[in-house]
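Everything on this sheet refers to the single structure shown next.
Side chains included, hydrogens not; waters and symmetry mates left out as well; all remaining heavy atoms used.
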Amino acid sequence: MKWDPATAPDLSVVERVVHREPTRMPYIPGLLSFREIPAALGAFEKLSVMPELVMVDGQGIAHPRRLGVAAHLGLWLDLPTIGIAKSRLYGQHAEVGEQRGDWVPLYAGPETIGAVLRSRAKVKPVYVSPGHRITLETSMAWVMRCLGRTKLPEPTRLADRLASRRDQRK
DNA sequence: GCGACAG
DNA sequence: ATCTTGTCGC
């Protein structure tokens with residue numbers, strides 16, 4: 001079935017898996033995907049249900065080479081992906097409004113590579129950028145649709161929490 | 001040469 | 001990312 005931000009019924013969790021493996025590379029700005037993707041692919045191999053859309057903790061095309069971790073992972077998986085980063089890596093933008101939902105474009109010269117979204121009042125905005133096989137408009141619609149009362153959309157927030165040490169219930 | 005720099 | 005301190009909301 002082909003879902004739509006407006007008709008998606010709920011945000012219920014379908015499946016959860018955790019995959020860990022040693023890092024092979026240090027963190028180098030601009031090369032994050034080479035450090036994170038090997039483990040990410042391992043996690044996807046453990047899934048019994050393949051997602052139809054993936055939200056990644058990092059940049060999509062808002063990257064010097066337009067290949068942030070979300071864009072890069074989307075290519076490997078051949079799935080639509082959206083990058084939602086907690087801070088800026090690349091691009092310029094104006095000040096964002098202070099109201100929840102306010103946003104401004106993120107530019108790389110004349111090109112729009114993403115959006116800076118105030119996902120929650122009084123909190124630093126998030127950087128949303130298309131990853132693979134999706135437009136910025138659709139990316140924004142899904143991110144807004146998945147926002148709870150927190151800064152990060154539920155998929156990213158829950159995944160991050162699941163990976164943390166204090167959520168290793170069985 | 002200097003500063004910036006996802007997680 | 002990780003660490004630490006203080007504050008806020010349910």
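Taking atom CG of residue A/Leu67 and atom C1' of nucleotide B/dA6, one finds them 13 Å apart after rounding to whole Å. Computed from coordinates, the A/Leu152 CG to B/dA6 P distance equals 15 Å when rounded to whole Å. In this structure, the NE2 atom of A/His72 is 18 Å from the P atom of B/dG7, given to the nearest Å. Per the geometry, NZ belonging to A/Lys124 stands 13 Å off P belonging to B/dG7, to the nearest Å. If you take OH of A/Tyr27 and P of B/dA6, they are 3 Å apart, rounded to a whole angstrom. Rounded to a whole Å, the NZ atom of A/Lys122 is 12 Å from the C1' atom of C/dT7. Spacing between atom NZ of A/Lys151 and atom C1' of B/dG7 amounts to 13 Å, rounded to whole angstrom units. Rounded to an integer number of Å, the gap from A/Tyr127 OH to B/dG7 C1' is 15 Å.
Neither OP1 nor OP2 of B/dC5 sits under 4.0 Å from any side-chain N or O of A/Tyr90. Distances shorter than 4.0 Å separate some side-chain N or O of A/Ser87 from OP1 or OP2 on B/dG7. Dashed line: the shortest gap from a side-chain N or O of A/Arg35 to OP1 or OP2 of B/dG7 is not under 4.0 Å.
Of the listed residues (A/Thr156, A/Val96, A/Leu117, A/Leu147), just one forms a side chain to side chain contact (heavy atoms under 4.5 Å, CB included) with A/Val126, and that residue is A/Leu117.
Toward the 5' end of DNA chain C, the nearer of the two residues A/Arg149 and A/Asp57, judged by each one's closest nucleotide, is A/Asp57.
A/Leu31 comes within 4.0 angstrom of a nucleotide base, judged by non-hydrogen atoms across all strands. Here A/Gly30 lies in heavy-atom contact (under 4.0 Å) with a base.
When the nucleotides C/dA1, B/dA6, C/dC10 are ranked by their closest atom to the side chain of A/Lys86, C/dA1 comes out on top. Of the candidate nucleotides B/dA6, B/dC5, C/dA1, C/dA1 has the atom nearest to the side chain of A/Asp160.
Closest of all the heavy-atom pairs between A/Lys151 and A/Lys124 is CE-O, 3.4 Å.
Looking at A/Arg35, its side chain does come within 3.5 Å of a backbone N or O of A/Met25 through a donor-acceptor pair.
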| task | Please report the C-alpha distance between A/Thr112 and A/Leu106 in whole Å, then the side-chain angles of each, then the deciding distance to 0.1 Å, and finally whether the side chain to side chain contact (heavy atoms under 4.5 Å, CB included) criterion is met. | result | CA-CA 6 Å; A/Thr112 297; A/Leu106 176 62; over 6 Å; no

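Checked against the 6.0 Å centroid threshold, A/His72 and A/Phe34 count as a close aromatic pair.
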